[in-house]
Structures are given as C-alpha cells and as structure tokens.
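Side chains are part of it too, since the values below use all heavy atoms of this structure and drop only hydrogens, waters and symmetry mates.
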Amino acid sequence: MRKIAVLMGLVLSLTACASLGDGARDKRYEVNSPTMEPTIRKGSTVGVDVVKPGDYQPRTGDVVMFNPPDSYGWNPDGRPRILRVAAVPGDTIACCDAQGWLIRNGTAQHEPYIQIDGAPTQFQPITVPPGEIYLLGDYRGVANDSSQNGSVPAENVIGVVKP
C-alpha cells in the first residue's frame with residue numbers, strides 16, 4: 001500500500017512539474033549585431049519566450065527574434081535577427097517629424113531607448129498590411145530593418161525577448 005502511495009505522489013509531482021512547462025518555450029540567443037544598442041549590446045545573450053509559428057500577437061514595443069524574409073538580404077548562417085516592433089497591422093508609420101521623432105498613426109512617438117548617429121533613415125508613411133509587422137532597430141544609424149526592407153510577416157516571429 002505504501003508503494004502505491006509513493007508512486008501516486010511521484011506521478012502527481014511529475015504532473016505538477018509538467019504543467020509548469022519543460023523550458024521548451026524558453027530559448028537563449030546571442031546578439032551578434034549592434035542593431036539594438038544601447039538597449040541590448042552586441043555579444044549579449046538574451047532569453048526569448050518562444051511562440052509557435054503563427055501564434056505571435058503583435059504589440060508595439062515588443063523586442064522580437066525573427067527569421068528574416070528574403071527582402072532582408074543575404075543570411076548565409078540562417079541566424080534569426082532581433083528588432084523592436086514599431087507598428088502592427090493597420091498602423092501607419094513614417095519617419096520623421098521636424099524633431100526626428102517616429103510618427104505612428106499621426107502621433108510622434110517618444111522612444112527613450114533609441115540611439116541615433118546622424119540622420120535616421122527617412123521613409124514616407126506606410127500602412128502595415130494585415131499579418132505583418134514593422135520592425136526597427138534601436139540603433140537607427142546601423143539597423144538593417146523595415147525602413148530599408150519593408151514589413152515582416154508576423155508568422156516569422158520566433159519569440160519575444162524577455163525584459
């Protein structure tokens with residue numbers, strides 16, 4: 001009888017642990033670019049809450065790891081990239097107003113986390129298509145992002161970087 005009770009306790013403990021997650025949703029990535037400086041330094045390792053393909057619900061301000069589409073150019077090692085969501089489907093985004101602020105849906109965006117060396121890449125108003133997101137790096141003078149390559153399918157998002 002005691003063996004059955006111990007076995008039942010073990011089964012319940014394993015079930016409880018399994019319900020907490022097996023860590024498969026968490027993954028670590030090394031950032032090999034200055035694109036997100038000063039927020040995330042080149043060479044840093046970030047934790048990512050992984051999402052199933054197509055399950056990402058876009059939110060402005062999220063820092064995401066994503067598989068770049070072909071429009072982002074040569075990617076021989078197949079590494080994912082890291083950028084910040086600047087606009088979600090239906091948003092209209094442009095750069096910039098007279099003070100250099102990003103404009104989303106007609107309103108200047110205060111972005112205390114960005115670093116600008118020289119003039120930011122200017123772009124005309126763009127409405128983000130359904131199912132896509134507009135991604136920008138925090139280091140606007142260096143980032144290879146949507147300002148040069150267009151929006152990215154939200155289904156390309158691997159996960160959201162943990163704060």
Side-chain angles (χ1 to χ4, degrees), residues 20-97 99-105 107-123 125-129 131-163:
L20 295 175
D22 60 0
R25 288 194 51 198
D26 299 329
K27 192 164 181 181
R28 301 191 67 69
Y29 290 91
E30 183 178 342
V31 177
N32 61 356
S33 160
T35 295
M36 289 301 295
E37 290 183 358
T39 308
I40 302 169
R41 298 270 175 217
K42 180 179 180 179
S44 298
T45 299
V46 295
V48 173
D49 283 328
V50 176
V51 295
K52 291 180 184 173
D55 281 357
Y56 174 62
Q57 299 297 313
R59 291 187 328 207
T60 56
D62 280 353
V63 176
V64 298
M65 293 297 295
F66 68 102
N67 290 313
D70 291 341
S71 63
Y72 274 65
W74 191 58
N75 189 20
D77 56 8
R79 287 186 182 182
R81 299 201 183 162
I82 183 171
L83 292 170
R84 186 180 301 273
V85 178
V88 298
D91 283 349
T92 299
I93 190 163
C95 185
C96 292
D97 70 4
Q99 287 76 38
W101 296 99
L102 189 69
I103 306 296
R104 187 175 59 243
N105 299 326
T107 304
Q109 303 299 301
H110 177 65
E111 301 174 290
Y113 42 79
I114 68 169
Q115 177 174 325
I116 299 175
D117 287 345
T121 301
Q122 299 288 315
F123 55 91
I126 298 164
T127 299
V128 181
E132 298 200 0
I133 51 180
Y134 201 87
L135 302 173
L136 294 174
D138 287 357
Y139 193 174
R140 300 282 161 86
V142 172
N144 179 22
D145 56 24
S146 290
S147 66
Q148 293 97 26
N149 303 299
S151 55
V152 172
E155 67 185 15
N156 287 30
V157 171
I158 296 166
V160 179
V161 175
K162 297 178 186 183

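L136 contributes atom CG, which lies 11.0 Å from atom OG1 of T35 (distance to the nearest 0.5 angstrom). Between the SG atom in C96 and the CZ atom in F123 there is a gap of 6.5 Å [rounded to 0.5 Å].
At least one donor-acceptor pair closer than 3.5 Å links the side chain of R104 to the backbone N or O of A86. The main-chain N or O of G137 is found under 3.5 Å from a side-chain atom of D145 such that the two form a donor-acceptor pair.
Using a 4.5 Å cut-off on side-chain heavy atoms (C-beta onward), Y134 and S147 make contact. Proximity of E37 to K42: side-chain heavy atoms (C-beta onward) are separated by under 4.5 Å at one or more points. Inter-residue side-chain proximity for I93 and L102 is flagged as met; some heavy-atom pair is nearer than 4.5 Å. Contact check for P53 versus E155: no side-chain heavy atoms found under the 4.5 Å cut-off. Side-chain contact between R81 and N144 is present, with heavy atoms from C-beta onward closer than 4.5 Å.
Note: Y72 and F66 meet the aromatic proximity criterion, with ring centroids under 6.0 Å apart.
For the pair D49 and K27, the salt-bridge criterion is not met [side-chain N within less than 4.0 Å of a carboxylate O]. A salt bridge between E111 and R140 is present, with a side-chain N of the basic residue lying under 4.0 Å from a carboxylate O of the acidic one.
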(request) Begin from the C-alpha positions of D138 and R84 and carry the test salt bridge (Lys or Arg N to Asp or Glu O under 4.0 Å) through to its verdict. (result) CA-CA 7 Å; D138 287 357; R84 186 180 301 273; 2.7 Å; yes
